Protein chains: 2
Amino acid sequence: MTASSPRTPPQALQQIDTSSLESLVGYNARRASMFVVDIIREHIASYDLRIVDLSILLLVAHNPGITSRQLSSVLDILPPNLVGMLNMIEKRGLIERKPHPVDGRAMGLHATDSGSELAAQTESEVGQLEIEATSHLTATERKTLIRLLQKIYRR
Amino acid sequence: MTASSPRTPPQALQQIDTSSLESLVGYNARRASMFVVDIIREHIASYDLRIVDLSILLLVAHNPGITSRQLSSVLDILPPNLVGMLNMIEKRGLIERKPHPVDGRAMGLHATDSGSELAAQTESEVGQLEIEATSHLTATERKTLIRLLQKIYRR
DNA sequence: TATTGTTATACTCTATAACTATA
DNA sequence: TATAGTTATAGAGTATAACAATA
(Lines give C-alpha, C1' and ligand atoms only; values in the text may rest on other atoms or scores of the structure.)
Protein backbone atom coordinates (compact mmCIF):
# COMPACT_ATOMS: atom_id res chain seq x y z
CA MET A 1 0.00 0.00 0.00
CA THR A 2 2.95 2.28 0.56
CA ALA A 3 6.59 2.62 -0.44
CA SER A 4 9.83 4.49 0.06
CA SER A 5 10.93 7.86 1.38
CA PRO A 6 10.87 11.10 -0.65
CA ARG A 7 7.25 10.84 -1.57
CA THR A 8 4.50 13.07 -0.38
CA PRO A 9 5.29 16.79 -0.32
CA PRO A 10 4.67 18.74 2.89
CA GLN A 11 1.33 20.30 3.63
CA ALA A 12 -0.59 21.80 6.48
CA LEU A 13 -2.81 18.90 7.52
CA GLN A 14 -5.03 19.19 10.48
CA GLN A 15 -5.57 16.39 12.92
CA ILE A 16 -6.45 13.08 11.28
CA ASP A 17 -7.81 10.24 13.38
CA THR A 18 -5.69 7.22 12.52
CA SER A 19 -6.57 5.22 15.63
CA SER A 20 -8.44 2.58 13.63
CA LEU A 21 -5.13 1.68 11.97
CA GLU A 22 -2.74 2.40 14.83
CA SER A 23 -4.43 -0.11 17.09
CA LEU A 24 -3.41 -2.90 14.71
CA VAL A 25 -0.18 -4.89 15.06
CA GLY A 26 -0.01 -5.38 11.29
CA TYR A 27 -0.15 -1.66 10.59
CA ASN A 28 2.42 -0.72 13.23
CA ALA A 29 4.80 -3.49 12.23
CA ARG A 30 4.58 -2.37 8.64
CA ARG A 31 5.22 1.27 9.47
CA ALA A 32 8.15 0.44 11.72
CA SER A 33 9.71 -1.92 9.19
CA MET A 34 9.37 0.71 6.48
CA PHE A 35 10.98 3.31 8.69
CA VAL A 36 14.02 1.16 9.35
CA VAL A 37 14.25 -0.53 5.96
CA ASP A 38 14.03 2.76 4.07
CA ILE A 39 17.11 4.00 5.91
CA ILE A 40 18.98 0.83 5.04
CA ARG A 41 17.74 0.94 1.47
CA GLU A 42 19.10 4.43 1.02
CA HIS A 43 22.48 3.46 2.46
CA ILE A 44 23.09 0.29 0.47
CA ALA A 45 22.06 2.03 -2.73
CA SER A 46 25.61 3.40 -2.65
CA TYR A 47 26.76 -0.20 -3.24
CA ASP A 48 24.16 -0.51 -6.00
CA LEU A 49 22.34 -3.07 -3.89
CA ARG A 50 18.63 -3.34 -3.21
CA ILE A 51 17.21 -4.85 -0.02
CA VAL A 52 16.52 -8.10 -1.82
CA ASP A 53 20.04 -8.22 -3.26
CA LEU A 54 21.56 -7.76 0.18
CA SER A 55 19.30 -10.44 1.64
CA ILE A 56 20.44 -12.86 -1.03
CA LEU A 57 24.09 -11.93 -0.60
CA LEU A 58 23.98 -12.40 3.17
CA LEU A 59 22.19 -15.74 2.94
CA VAL A 60 24.61 -17.05 0.32
CA ALA A 61 27.62 -15.81 2.28
CA HIS A 62 26.41 -17.53 5.45
CA ASN A 63 25.16 -20.64 3.67
CA PRO A 64 27.70 -21.78 1.09
CA GLY A 65 26.07 -24.12 -1.40
CA ILE A 66 22.53 -22.90 -0.75
CA THR A 67 20.28 -23.55 -3.74
CA SER A 68 18.06 -21.16 -5.63
CA ARG A 69 15.11 -23.19 -4.42
CA GLN A 70 16.08 -22.68 -0.79
CA LEU A 71 16.58 -18.96 -1.28
CA SER A 72 13.19 -18.83 -2.92
CA SER A 73 11.60 -20.48 0.09
CA VAL A 74 13.37 -18.48 2.80
CA LEU A 75 12.88 -15.09 1.15
CA ASP A 76 9.44 -15.90 -0.23
CA ILE A 77 10.43 -15.01 -3.77
CA LEU A 78 9.06 -16.99 -6.69
CA PRO A 79 11.76 -18.98 -8.53
CA PRO A 80 11.26 -17.21 -11.89
CA ASN A 81 11.76 -13.84 -10.23
CA LEU A 82 14.95 -14.99 -8.57
CA VAL A 83 16.70 -15.89 -11.82
CA GLY A 84 17.36 -12.35 -12.97
CA MET A 85 18.51 -11.26 -9.52
CA LEU A 86 21.01 -14.12 -9.26
CA ASN A 87 22.25 -13.46 -12.80
CA MET A 88 22.92 -9.83 -11.94
CA ILE A 89 24.69 -10.63 -8.66
CA GLU A 90 26.74 -13.32 -10.38
CA LYS A 91 27.60 -10.97 -13.24
CA ARG A 92 28.92 -8.51 -10.66
CA GLY A 93 31.23 -11.23 -9.41
CA LEU A 94 29.71 -11.42 -5.93
CA ILE A 95 28.47 -15.00 -6.13
CA GLU A 96 28.98 -17.97 -8.40
CA ARG A 97 26.91 -21.01 -9.31
CA LYS A 98 28.63 -24.37 -8.92
CA PRO A 99 27.21 -27.81 -9.67
CA HIS A 100 25.40 -29.26 -6.66
CA PRO A 101 27.40 -32.12 -5.09
CA VAL A 102 24.53 -34.62 -4.96
CA ASP A 103 21.58 -33.18 -6.92
CA GLY A 104 22.28 -32.85 -10.61
CA ARG A 105 19.31 -30.56 -11.15
CA ALA A 106 20.38 -27.97 -8.62
CA MET A 107 23.11 -25.38 -8.52
CA GLY A 108 24.95 -24.51 -5.31
CA LEU A 109 25.45 -20.81 -4.72
CA HIS A 110 28.73 -19.57 -3.27
CA ALA A 111 30.00 -16.12 -2.40
CA THR A 112 33.21 -15.08 -4.11
CA ASP A 113 35.98 -13.43 -2.08
CA SER A 114 34.68 -10.09 -3.28
CA GLY A 115 31.13 -11.12 -2.35
CA SER A 116 32.15 -12.30 1.12
CA GLU A 117 33.96 -9.04 1.70
CA LEU A 118 30.96 -6.96 0.63
CA ALA A 119 28.66 -9.12 2.73
CA ALA A 120 30.78 -8.64 5.85
CA GLN A 121 31.05 -4.90 5.33
CA THR A 122 27.38 -4.27 4.60
CA GLU A 123 26.26 -6.58 7.39
CA SER A 124 28.28 -4.55 9.84
CA GLU A 125 27.10 -1.21 8.49
CA VAL A 126 23.48 -2.30 8.39
CA GLY A 127 23.72 -3.46 11.98
CA GLN A 128 24.97 -0.04 12.98
CA LEU A 129 22.27 1.71 10.95
CA GLU A 130 19.61 -0.38 12.65
CA ILE A 131 20.84 0.71 16.07
CA GLU A 132 20.68 4.34 14.99
CA ALA A 133 17.29 3.94 13.33
CA THR A 134 15.88 2.43 16.52
CA SER A 135 17.73 4.77 18.86
CA HIS A 136 14.52 5.58 20.73
CA LEU A 137 14.69 2.02 22.04
CA THR A 138 17.01 0.75 24.74
CA ALA A 139 19.02 -2.39 24.01
CA THR A 140 16.63 -4.34 26.20
CA GLU A 141 13.57 -2.94 24.45
CA ARG A 142 15.10 -3.82 21.11
CA LYS A 143 15.65 -7.41 22.22
CA THR A 144 12.13 -7.60 23.59
CA LEU A 145 10.72 -6.21 20.35
CA ILE A 146 12.48 -8.79 18.21
CA ARG A 147 11.39 -11.58 20.54
CA LEU A 148 7.73 -10.52 20.36
CA LEU A 149 7.83 -10.11 16.59
CA GLN A 150 9.29 -13.60 16.20
CA LYS A 151 6.58 -15.02 18.44
CA ILE A 152 4.13 -13.90 15.78
CA TYR A 153 5.61 -15.27 12.60
CA ARG A 154 7.72 -18.21 13.79
CA ARG A 155 5.76 -21.45 13.82
CA MET B 1 11.18 -8.19 -1.49
CA THR B 2 8.34 -10.59 -0.76
CA ALA B 3 4.57 -10.78 -1.01
CA SER B 4 1.43 -12.74 -0.17
CA SER B 5 0.49 -16.23 0.92
CA PRO B 6 0.17 -19.20 -1.45
CA ARG B 7 3.59 -18.81 -2.95
CA THR B 8 6.46 -21.17 -2.54
CA PRO B 9 5.61 -24.87 -2.69
CA PRO B 10 6.81 -27.13 0.14
CA GLN B 11 10.17 -28.84 0.03
CA ALA B 12 12.59 -30.66 2.25
CA LEU B 13 15.05 -27.93 3.09
CA GLN B 14 17.84 -28.56 5.48
CA GLN B 15 18.95 -26.06 8.07
CA ILE B 16 19.53 -22.58 6.64
CA ASP B 17 21.34 -19.98 8.75
CA THR B 18 19.13 -16.90 8.66
CA SER B 19 20.64 -15.27 11.73
CA SER B 20 22.10 -12.40 9.71
CA LEU B 21 18.55 -11.35 8.86
CA GLU B 22 16.78 -12.40 12.03
CA SER B 23 18.91 -10.14 14.19
CA LEU B 24 17.47 -7.12 12.39
CA VAL B 25 14.41 -5.20 13.58
CA GLY B 26 13.48 -4.29 10.01
CA TYR B 27 13.44 -7.90 8.89
CA ASN B 28 11.45 -9.16 11.85
CA ALA B 29 8.94 -6.32 11.68
CA ARG B 30 8.44 -7.04 7.99
CA ARG B 31 7.93 -10.75 8.52
CA ALA B 32 5.51 -10.21 11.39
CA SER B 33 3.51 -7.60 9.48
CA MET B 34 3.29 -9.92 6.49
CA PHE B 35 2.13 -12.78 8.68
CA VAL B 36 -0.70 -10.74 10.16
CA VAL B 37 -1.58 -8.70 7.09
CA ASP B 38 -1.79 -11.76 4.83
CA ILE B 39 -4.44 -13.24 7.11
CA ILE B 40 -6.42 -10.02 6.98
CA ARG B 41 -5.91 -9.72 3.24
CA GLU B 42 -7.37 -13.16 2.69
CA HIS B 43 -10.38 -12.40 4.86
CA ILE B 44 -11.36 -9.03 3.40
CA ALA B 45 -10.99 -10.40 -0.12
CA SER B 46 -14.47 -11.80 0.51
CA TYR B 47 -15.69 -8.20 0.57
CA ASP B 48 -13.69 -7.53 -2.59
CA LEU B 49 -11.46 -5.20 -0.60
CA ARG B 50 -7.68 -4.95 -0.66
CA ILE B 51 -5.65 -3.79 2.34
CA VAL B 52 -5.31 -0.34 0.82
CA ASP B 53 -9.05 -0.11 0.12
CA LEU B 54 -9.84 -0.99 3.72
CA SER B 55 -7.31 1.55 5.00
CA ILE B 56 -8.96 4.24 2.90
CA LEU B 57 -12.45 3.22 3.94
CA LEU B 58 -11.57 3.26 7.64
CA LEU B 59 -9.85 6.64 7.43
CA VAL B 60 -12.73 8.20 5.51
CA ALA B 61 -15.30 6.69 7.87
CA HIS B 62 -13.46 8.07 10.90
CA ASN B 63 -12.58 11.40 9.29
CA PRO B 64 -15.58 12.78 7.40
CA GLY B 65 -14.46 15.39 4.91
CA ILE B 66 -10.87 14.18 4.71
CA THR B 67 -9.28 15.17 1.42
CA SER B 68 -7.50 13.04 -1.12
CA ARG B 69 -4.33 14.98 -0.32
CA GLN B 70 -4.56 14.05 3.35
CA LEU B 71 -5.18 10.40 2.58
CA SER B 72 -2.19 10.50 0.27
CA SER B 73 -0.01 11.82 3.07
CA VAL B 74 -1.22 9.52 5.83
CA LEU B 75 -1.09 6.34 3.75
CA ASP B 76 2.00 7.38 1.81
CA ILE B 77 0.32 6.84 -1.53
CA LEU B 78 1.10 9.15 -4.42
CA PRO B 79 -1.90 11.27 -5.46
CA PRO B 80 -2.10 9.88 -9.01
CA ASN B 81 -2.28 6.34 -7.65
CA LEU B 82 -5.08 7.27 -5.29
CA VAL B 83 -7.43 8.49 -8.00
CA GLY B 84 -8.35 5.09 -9.38
CA MET B 85 -8.80 3.62 -5.92
CA LEU B 86 -11.16 6.38 -4.85
CA ASN B 87 -13.09 6.12 -8.12
CA MET B 88 -13.59 2.40 -7.56
CA ILE B 89 -14.66 2.80 -3.93
CA GLU B 90 -16.99 5.62 -4.90
CA LYS B 91 -18.43 3.60 -7.78
CA ARG B 92 -19.24 0.85 -5.27
CA GLY B 93 -21.22 3.38 -3.28
CA LEU B 94 -19.03 3.21 -0.19
CA ILE B 95 -17.82 6.81 -0.23
CA GLU B 96 -18.76 10.02 -2.00
CA ARG B 97 -16.89 13.17 -2.96
CA LYS B 98 -18.46 16.43 -1.85
CA PRO B 99 -17.19 19.95 -2.49
CA HIS B 100 -14.81 21.10 0.23
CA PRO B 101 -16.44 23.74 2.49
CA VAL B 102 -13.60 26.27 2.30
CA ASP B 103 -11.12 25.09 -0.37
CA GLY B 104 -12.56 25.16 -3.86
CA ARG B 105 -9.77 23.00 -5.23
CA ALA B 106 -10.30 20.14 -2.81
CA MET B 107 -12.97 17.49 -2.44
CA GLY B 108 -14.13 16.22 0.94
CA LEU B 109 -14.53 12.48 1.19
CA HIS B 110 -17.47 11.05 3.11
CA ALA B 111 -18.56 7.48 3.84
CA THR B 112 -22.06 6.61 2.70
CA ASP B 113 -24.38 4.70 5.03
CA SER B 114 -23.36 1.54 3.24
CA GLY B 115 -19.72 2.50 3.55
CA SER B 116 -19.99 3.27 7.25
CA GLU B 117 -21.68 -0.05 7.81
CA LEU B 118 -18.97 -1.96 5.95
CA ALA B 119 -16.27 0.00 7.78
CA ALA B 120 -17.74 -0.87 11.17
CA GLN B 121 -18.14 -4.52 10.30
CA THR B 122 -14.70 -5.02 8.79
CA GLU B 123 -13.02 -3.01 11.55
CA SER B 124 -14.53 -5.33 14.10
CA GLU B 125 -13.66 -8.47 12.17
CA VAL B 126 -10.12 -7.34 11.47
CA GLY B 127 -9.64 -6.58 15.15
CA GLN B 128 -10.69 -10.11 15.99
CA LEU B 129 -8.46 -11.58 13.29
CA GLU B 130 -5.51 -9.65 14.65
CA ILE B 131 -6.05 -11.12 18.09
CA GLU B 132 -6.14 -14.61 16.62
CA ALA B 133 -3.13 -13.99 14.37
CA THR B 134 -1.12 -12.81 17.37
CA SER B 135 -2.50 -15.41 19.77
CA HIS B 136 1.00 -16.38 20.87
CA LEU B 137 1.14 -12.98 22.58
CA THR B 138 -0.59 -12.03 25.81
CA ALA B 139 -2.67 -8.86 25.82
CA THR B 140 0.14 -7.13 27.70
CA GLU B 141 2.76 -8.29 25.24
CA ARG B 142 0.62 -7.08 22.37
CA LYS B 143 0.33 -3.64 23.97
CA THR B 144 4.07 -3.56 24.61
CA LEU B 145 4.77 -4.57 21.04
CA ILE B 146 2.65 -1.80 19.57
CA ARG B 147 4.23 0.74 21.92
CA LEU B 148 7.76 -0.27 20.92
CA LEU B 149 6.91 -0.25 17.21
CA GLN B 150 5.45 3.24 17.51
CA LYS B 151 8.56 4.44 19.31
CA ILE B 152 10.43 3.63 16.13
CA TYR B 153 8.36 5.32 13.46
CA ARG B 154 6.56 8.11 15.35
CA ARG B 155 8.51 11.34 15.33
C1' DT C 1 5.72 -38.73 -11.37
C1' DA C 2 7.90 -34.84 -8.97
C1' DT C 3 11.38 -31.19 -8.54
C1' DT C 4 15.16 -27.59 -10.03
C1' DG C 5 16.11 -24.06 -12.77
C1' DT C 6 14.70 -21.48 -16.52
C1' DT C 7 12.09 -18.61 -20.30
C1' DA C 8 8.36 -15.96 -21.67
C1' DT C 9 4.79 -13.22 -20.41
C1' DA C 10 0.88 -11.14 -17.95
C1' DC C 11 -0.51 -8.53 -14.20
C1' DT C 12 -0.24 -5.31 -10.36
C1' DC C 13 1.93 -1.73 -7.96
C1' DT C 14 4.64 2.51 -7.82
C1' DA C 15 6.71 6.69 -9.87
C1' DT C 16 7.15 10.88 -13.01
C1' DA C 17 5.52 14.60 -16.02
C1' DA C 18 2.19 17.65 -17.13
C1' DC C 19 -2.34 19.79 -17.17
C1' DT C 20 -6.74 22.55 -14.89
C1' DA C 21 -8.74 24.95 -11.59
C1' DT C 22 -8.35 27.37 -7.46
C1' DA C 23 -5.61 29.57 -3.43
C1' DT D 1 3.57 31.22 -7.30
C1' DA D 2 1.86 27.17 -5.01
C1' DT D 3 -1.45 23.44 -4.16
C1' DA D 4 -5.51 19.78 -5.04
C1' DG D 5 -7.00 16.77 -8.11
C1' DT D 6 -6.44 14.56 -12.30
C1' DT D 7 -4.64 12.13 -16.81
C1' DA D 8 -1.34 9.57 -19.21
C1' DT D 9 2.41 6.79 -19.07
C1' DA D 10 6.73 4.70 -17.66
C1' DG D 11 9.00 1.62 -14.62
C1' DA D 12 9.49 -1.88 -10.99
C1' DG D 13 7.76 -5.74 -8.72
C1' DT D 14 4.99 -10.03 -8.57
C1' DA D 15 2.33 -13.74 -10.77
C1' DT D 16 1.21 -17.96 -13.86
C1' DA D 17 2.25 -21.37 -17.53
C1' DA D 18 5.27 -24.26 -19.67
C1' DC D 19 9.62 -26.47 -20.81
C1' DA D 20 14.27 -29.36 -20.38
C1' DA D 21 17.06 -31.89 -17.31
C1' DT D 22 17.36 -34.72 -13.43
C1' DA D 23 15.48 -37.23 -9.19
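Here the structure is a predicted model, which is why all the values come from computation and not from measurement. Below, all heavy atoms of this structure are taken into account, side chains as well, without hydrogens, waters or symmetry copies. Note on naming: letters A, B, ... go to the chains in the order of the sequence lines (proteins, then strands), and numbering restarts at 1 for each one.
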What's the closest nucleotide to the [X] side chain, out of [options]?
X: A:P79; options: C:dG5, C:dT6, D:dG5; result: C:dT6
X: A:N81; options: D:dT14, C:dT7, D:dT6; result: D:dT14
X: B:P80; options: C:dT7, C:dT14, D:dT6; result: D:dT6

Side-chain N or O of [X] less than 4.0 angstrom from OP1 or OP2 on [N]?
X: B:R105; N: C:dC19; result: no
X: B:R69; N: C:dA23; result: no
X: A:R50; N: D:dG13; result: yes

Nearest whole Å is fine: how far is [N] [atom2] from [X] [atom1]?
X: A:L82; N: C:dT3; atom1: CG; atom2: P; value: 18 Å
X: B:M85; N: C:dC13; atom1: CE; atom2: P; value: 7 Å
X: B:I51; N: C:dT12; atom1: CD1; atom2: C1'; value: 15 Å
X: A:L78; N: D:dA12; atom1: CG; atom2: P; value: 20 Å
X: B:Q70; N: D:dG5; atom1: CD; atom2: P; value: 8 Å
X: B:L75; N: C:dA15; atom1: CG; atom2: C1'; value: 17 Å
X: A:M34; N: C:dC13; atom1: CE; atom2: C1'; value: 14 Å
X: B:D53; N: C:dC13; atom1: CG; atom2: C1'; value: 13 Å

TODO: Apply the side-chain hydrogen bond (donor to acceptor under 3.5 Å, both in side chains) test between B:Q121 and each candidate in B:E123, B:E125, B:E117; give the one that qualifies.
DONE: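 Running side-chain hydrogen bond (donor to acceptor under 3.5 Å, both in side chains) over B:E123, B:E125, B:E117 with B:Q121 returns exactly one hit, B:E125.
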Task: Salt-bridge present (B:R31, B:E22; N to O < 4.0 Å) - done: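 Salt bridge absent between B:R31 and B:E22.
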Open item on the list: With hydrogens left out and only the distance checked, is there a donor-acceptor pair under 3.5 Å joining B:D103's side chain and the base of D:dA4?
Closed with: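 When only heavy-atom distances are counted, B:D103 does not reach the base of D:dA4 through any donor-acceptor pair under 3.5 Å.
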Task: Rounded distance (nearest 0.5 Å) linking atom CD1 of B:I146 with atom CG of A:L145 - done: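 Here the rounded value is 12.0 Å.
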Open item on the list: Once rounded to the nearest 0.5 Å, what's the spacing between atom CG of B:L118 and atom CZ of B:R92?
Closed with: 7.0 Å
- [ ] Would you indicate whether the side-chain heavy atoms of A:M85 and A:I77 approach each other to under 4.5 Å?
- [x]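 A:I77 vs A:M85: side chains touch.
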